[in-house]
Number of protein chains: 2
Amino acid sequence: MEIDRLNWKILKCLQENARLSNAEIGRRVGVSSPAVSERIKKMEDLGVIEGYKGIVSPFEVGYQLKAIITLRAFMGKLKPFLVKVKTYDEVVNCYRITGDENIVMEVVLKNQKHLETFIDQLIIYGESKTQIVLSDVVKQKEIESLK
Amino acid sequence: MEIDRLNWKILKCLQENARLSNAEIGRRVGVSSPAVSERIKKMEDLGVIEGYKGIVSPFEVGYQLKAIITLRAFMGKLKPFLVKVKTYDEVVNCYRITGDENIVMEVVLKNQKHLETFIDQLIIYGESKTQIVLSDVVKQKEIESLK
DNA sequence: AATGAAATTGTATAAAT
DNA sequence: ATTTATACAATTTCATT
């Protein structure tokens, strides 16, 4: 697909604030609202835009801890884990990766006790390593046009 | 703050599709649109809602590789890195963590060559380890009410 | 592919329960 | 704190260029 300069401007607006009206986006990028609407629809249909997410602060709703947990799955345990991990409310992101560890997860937790019970659930699937997140340095940075 | 059942329903709607109108959210959760509007505004003001992001597919816009890169910073190099990392378009998430490594990053890249040039930029800051992402198992899972 | 105009729908503000 | 009423604004559809 051809993402022209105008579409990139629209994507920038939507990545900054997905609840902007088409009219407001139109004003910012210099076209009419039906034009914005049509371009957005096309990018949705083509999968360039995957969706629009309201970002909830885990901290403000009671998740006081964030951790990065890697898992080195036991033989035959990777596939069952890939199914199970989708059911954990605590896991906000999970990737299958190359290397000694098979899995890396970003996890939100209430407190140490919650962390302990969560890690206990992992032991049947493999060896886990936990690193506590001290701070978010970069948070869901916008995707930009590659040069 | 008290997030009641109604606010959780509204948050669920917004996390699924941030571009839903207040009227549509009202229909789904069973209240009028001004009620939705006021509750959303309050949650925004309190920081429960951090924002609304349009999600762009890195793959569809030409980033063919995703990697998890950890960095063990050299003495005195962590702080300069924390400043520098915010300027990299490739880094979509970056956390400071406990443990041997100080930093973990989620990075999007065009291809192997791009990965190489990116990693080369890191060598002045510390020792990096790169793991290629094979698949997204869980992707920006919604935050749910803790029981 | 973008605009302009008409009909529909949504938003914001106020007053009232 | 939510609803209803109202005025204003935005969205969608369609005809036009």
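Predicted, not measured: the structure shown is a model, and the values here were computed from it. Below, chains carry the letters A, B, ... as their sequence lines are ordered, and counting in each starts from 1.
To the nearest 0.5 Å, atoms CD (B/E24) and CZ (B/R27) are separated by 5.0 Å.
Residue whose closest nucleotide on DNA chain D sits further toward the 5' end, between B/D4 and A/L20: B/D4. With DNA chain C read from its 5' end, the first of the two nearest nucleotides for B/E24 and A/S32 is the one closest to A/S32.
The side chain of B/V31 has D/dT3 as its nearest neighbour among C/dT3, D/dT3, C/dG10. When each of D/dT12, D/dT2, C/dT11 is scored by its nearest atom to the side-chain atoms of A/S33, the top-ranked nucleotide is D/dT12. Between C/dA1, D/dT2, C/dT11, one nucleotide has an atom nearer to the side chain of B/L6 than all others, and that is D/dT2. When distances run from any side-chain atom of B/E38 to the nucleotides C/dT11, C/dA2, D/dT2, the shortest one goes to D/dT2. Closest contact between the side chain of A/K42 and the listed nucleotides C/dG10, C/dA1, C/dA12 involves C/dA1. Of all nucleotides listed (C/dA12, C/dA5, D/dA10), C/dA5 comes nearest to the side chain of A/P34.
In this structure, B/N22 does not reach the C/dT9 phosphate: none of its side-chain N or O atoms is under 4.0 Å from OP1 or OP2. Side-chain nitrogen and oxygen atoms of B/K41 include none within less than 4.0 Å of the OP1 or OP2 phosphate oxygen of C/dA12.
Residue A/F59 places its CZ atom among 12 or fewer non-hydrogen atoms of other residues, nucleotides or ligands, all under 6.0 Å distant. Open room surrounds NZ on B/K41; 12 or fewer heavy atoms of other groups in view lie less than 6.0 Å from it. Within a 6.0 Å radius of NZ in B/K12, other residues, nucleotides and ligands contribute 12 heavy atoms or fewer. Residue-environment remark: CD (A/E16) exceeds the threshold of 12 foreign heavy atoms within 6.0 Å.
B/R27 comes within contact range of the sugar-phosphate backbone alone, with a heavy-atom separation under 4.0 Å but no base atom that close.
Protein atom NZ of B/K9 is 13 Å distant from nucleotide atom P of D/dT2, rounded to whole Å. The nearest whole Å value for the distance from the CD1 atom in A/I40 to the P atom in D/dT12 is 9 Å. Look at CD on A/E44: it is 14 Å from C1' on D/dT12, rounded to the nearest Å.
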